[in-house]
2 protein chains.
Amino acid sequence: MDERSDRTLSGLPDTTKAPADAVMLRGIVHVVDDDASLRAALVSLCRSAGLEAVGHVDASELLADSNPSRPACILLDVRLRDQNGLDIQDMFQSSGNDVPIVFLTGYGTIPMTVRAMRKGAVEFLEKPVEDDELLGALIRALEIDAAATTARRDRDVLAGRLSSLTVRERDVLGYAIGGLMNKQIAAELGISEITAKVHKRHMMEKMGARSLADLIRMTSQLGIAPARQR
Amino acid sequence: MDERSDRTLSGLPDTTKAPADAVMLRGIVHVVDDDASLRAALVSLCRSAGLEAVGHVDASELLADSNPSRPACILLDVRLRDQNGLDIQDMFQSSGNDVPIVFLTGYGTIPMTVRAMRKGAVEFLEKPVEDDELLGALIRALEIDAAATTARRDRDVLAGRLSSLTVRERDVLGYAIGGLMNKQIAAELGISEITAKVHKRHMMEKMGARSLADLIRMTSQLGIAPARQR
DNA sequence: GGGACAATTATACGTCCGTATCGGTGACGG
DNA sequence: CCGTCACCGATACGGACGTATAATTGTCCC
């Protein structure tokens with residue numbers, strides 16, 4: 001059953017022209033600090049500025065729960081009781097979670113700053129920090145993740161369609177985006193041209209691609225390279 | 001069998017698999033420091049490590065001469081006599097020159113580090129610096145620019161082909177990469193399908209595109225969006 | 001055993017594409 | 001004045017494409 005009736009140019013809902021989505025689904029700030037009183041103060045500061053916020057003693061919950069459906073950012077103390085904030089950043093990265101991180105530290109050094117920023121930290125702030133400066137950084141982080149979230153969601157839709165392809169359909173896709181003719185694709189797979197056409201047709205339907213141009217844009221977004229070039 | 005012996009996806013020479021190119025055309029380190037003795041010491045340190053290096057009192061020469069044909073990087077002191085290294089970084093960016101910068105400073109702060117790193121600095125080092133650390137950073141910067149240089153060169157070739165198109169050919173390109181049929185392109189331009197075919201043919205030849213897939217990859221590399229989507 | 005699905009092949013029809021060949025207009029510069 | 005170039009148009013042909021219709025085989029699972 002095909003229920004992709006209302007699709008846009010690339011077969012995806014047009015998120016770029018739907019700011020309501022990003023506004024309705026507001027971001028959340030995860031405050032990670034093992035000092036209970038400071039944590040509470042940071043959380044309440046966020047809330048007073050209209051930002052949703054929750055506190056965490058450590059980052060284990062956040063590392064386990066990678067919920068990519070909602071914009072989020074992390075306010076992370078560099079020096080925790082039993083962990084290093086920079087190592088936590090590494091763990092997020094190696095687990096493929098690119099949630100924006102705002103660092104906060106009492107005893108920061110320039111090498112630490114370099115390391116954190118090089119790995120994509122949004123900010124690296126020193127305690128004591130101005131409220132406005134901190135909130136500004138968090139808002140910026142949330143905006144970054146809001147954009148990343150919509151992009152990731154689009155990408156997941158495409159990845160889902162891709163995974164719905166059969167082996168043969170996936171084969172044909174690889175050659176089709178290389179600009180090969182049906183006849184060449186068939187020869188490459190050792191089947192008749194007619195069969196290749198059938199696979200191609202099914203593939204285009206499943207991918208929701210209206211044209212070869214559409215398909216190529218989708219695959220390049222998914223990082224798929226042609227199996228062979230014409 | 002095919003004859004794709006020495007061509008890549010976009011019809012350009014495969015620079016990614018030609019390390020000889022990056023090795024033969026070695027990078028150059030531009031040392032910018034207004035302290036003559038320190039500048040000389042840094043230059044000789046680079047040369048002792050086999051890196052080509054030249055010294056500059058200020059960055060005006062570098063800003064004026066944007067020679068993108070050769071890999072380079074800049075070793076920049078944050079505090080110069082009459083200029084701020086971070087402002088120089090800004091000027092490079094606003095002039096479209098993305099040459100990698102390694103900062104060196106005696107009195108650095110974390111906010112300065114954040115600012116520099118956020119704008120793409122490769123490293124932010126404090127004086128006194130270990131020779132190995134500095135050289136490592138410079139080598140990394142040169143490698144970054146070597147990759148950027150080849151990418152830019154490829155891009156320039158494509159941009160050159162694009163600029164060789166006539167107005168009509170450029171129009172047709174915009175619609176063709178949207179997946180429109182010749183008939184639709186002709187209707188869009190208010191001309192006959194035959195004429196549209198002619199323009200398309202010339203366009204494909206000038207762009208060096210063997211297939212629509214080729215063309216789309218080129219245009220996406222150039223940041224060209226379809227004029228209309230099918 | 002039968003239903004669902006993937007993979008395969010075939011014939012046939014209309015459309016689209018690329019190309020070749022021919023011709024006409026207007027603008028620009030040597 | 002004439003060559004060059006951009007732009008426009010037409011006819012025609014072979015091949016490629018998309019689609020519809022139909023059929024066979026094998027596998028997996030209930």
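Residue numbers start from 1 in every chain, and the chains themselves are labelled A, B, ... in the order their sequence lines are given, proteins ahead of strands.
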> Within this structure, what is the CD-to-C1' distance between B:E169 and D:dC8, rounded to whole angstrom?
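So the two atoms are 13 Å apart, to the nearest Å.
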> What is the distance from CG of A:L189 to P of C:dT9, rounded to the nearest Å?
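Spelled out: CG on A:L189 to P on C:dT9 is 10 Å.
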> Quick one: is A:T195 getting a side-chain N or O under 4.0 Å of the C:dT9 phosphate, OP1 or OP2?
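Yes, such a contact exists.
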> Measure NZ/B:K183 against P/D:dC17 and give the value in whole Å, please.
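That distance rounds to 18 Å.
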> Look at A:T166 and C:dC5 and indicate whether a side-chain polar atom (N or O) is within less than 4.0 Å of OP1 or OP2.
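Answer no for this pair, as no side-chain N or O of A:T166 is under 4.0 Å from OP1 or OP2.
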> As a quick check of understanding, evaluate side chain to side chain donor-acceptor pair (under 3.5 Å) for B:T149 and B:R152, giving each step before the final call.
CA-CA 5 Å; B:T149 298; B:R152 182 175 42 226; 3.1 Å; yes
> Atom CD1 of A:I185 and atom C1' of D:dG18: how far apart are they, to the nearest Å?
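Distance, rounded to whole Å: 13 Å.
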> Scan A:E193 against the nucleic acid and name what it touches under 4.0 Å (heavy atoms): base, sugar-phosphate only, or nothing.
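Sugar-phosphate: the residue A:E193, judged by heavy atoms under 4.0 Å, touches backbone atoms but no base.
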> From CZ of A:R168 over to C1' of D:dT27, roughly how many Å is that when rounded to an integer?
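Computing the A:R168:CZ to D:dT27:C1' distance gives 16 Å.
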> Check A:R47 with A:E52, please: is the shortest side-chain N to carboxylate O separation under 4.0 Å?
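No salt bridge links A:E52 with A:R47.
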> May I ask you to evaluate whether B:N182 reaches the phosphate of C:dC17, defined as a side-chain N or O under 4.0 Å from OP1 or OP2?
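True: B:N182 side-chain N/O within range (under 4.0 Å) of C:dC17 OP1/OP2.
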> Checking all strands, does A:I191 fall into the base, sugar-phosphate, or nothing category for heavy-atom contacts under 4.0 angstrom?
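The residue A:I191 makes sugar-phosphate contact but no base contact.
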> Indicate whether OP1 or OP2 belonging to C:dC17 is found under 4.0 Å from a side-chain N or O atom of B:K197.
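It does not, given that no N or O in the side chain of B:K197 lies less than 4.0 Å from OP1 or OP2 of C:dC17.
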> Can you check the A:M203 CE to D:dG18 P distance for me, whole Å?
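Rounded to whole Å, this separation is 9 Å.
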> Output the rounded distance in Å from CG (A:D171) to P (C:dA6).
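From A:D171 CG to C:dA6 P: 15 Å.
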> Quick check: on DNA chain D, is the nucleotide nearest A:M181 upstream (toward 5') of the one nearest A:R201, or the reverse? Name the residue that is more 5'.
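Result: A:M181.
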> Ion pair present between A:D156 and A:R153, side-chain N to carboxylate O less than 4.0 angstrom?
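No salt bridge links A:D156 with A:R153.
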> Answer yes or no: is there an ion pair linking B:R115 with B:D87, defined by an N-O contact shorter than 4.0 Å?
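B:D87 and B:R115: salt-bridged.
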> Ignoring backbone atoms, test whether A:H199 places a side-chain nitrogen or oxygen under 4.0 Å from the OP1 or OP2 oxygen of C:dT8.
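Yes.
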> State which of C:dA10, D:dG18, C:dG18 makes the closest approach to the side chain of A:K200.
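Given the options C:dA10, D:dG18, C:dG18, the side chain of A:K200 is closest to D:dG18.
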> From CE of A:M204 over to P of D:dG18, roughly how many Å is that when rounded to an integer?
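Taking CE of A:M204 and P of D:dG18, I get 7 Å after rounding.
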> Pick base, sugar-phosphate or nothing for B:V198, based on heavy-atom distances below 4.0 Å to the nucleic acid.
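Nothing: the residue B:V198, judged by heavy atoms under 4.0 Å, touches no strand.
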> For the pair B:R118 and A:E123, find out whether any cationic side-chain nitrogen is under 4.0 Å from an anionic carboxylate oxygen.
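Result for this pair is yes, salt bridge flagged.
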> Under 4.0 Å between a side-chain N or O of A:S192 and OP1 or OP2 of C:dT8?
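Indeed not, no polar side-chain atom of A:S192 lies that close.
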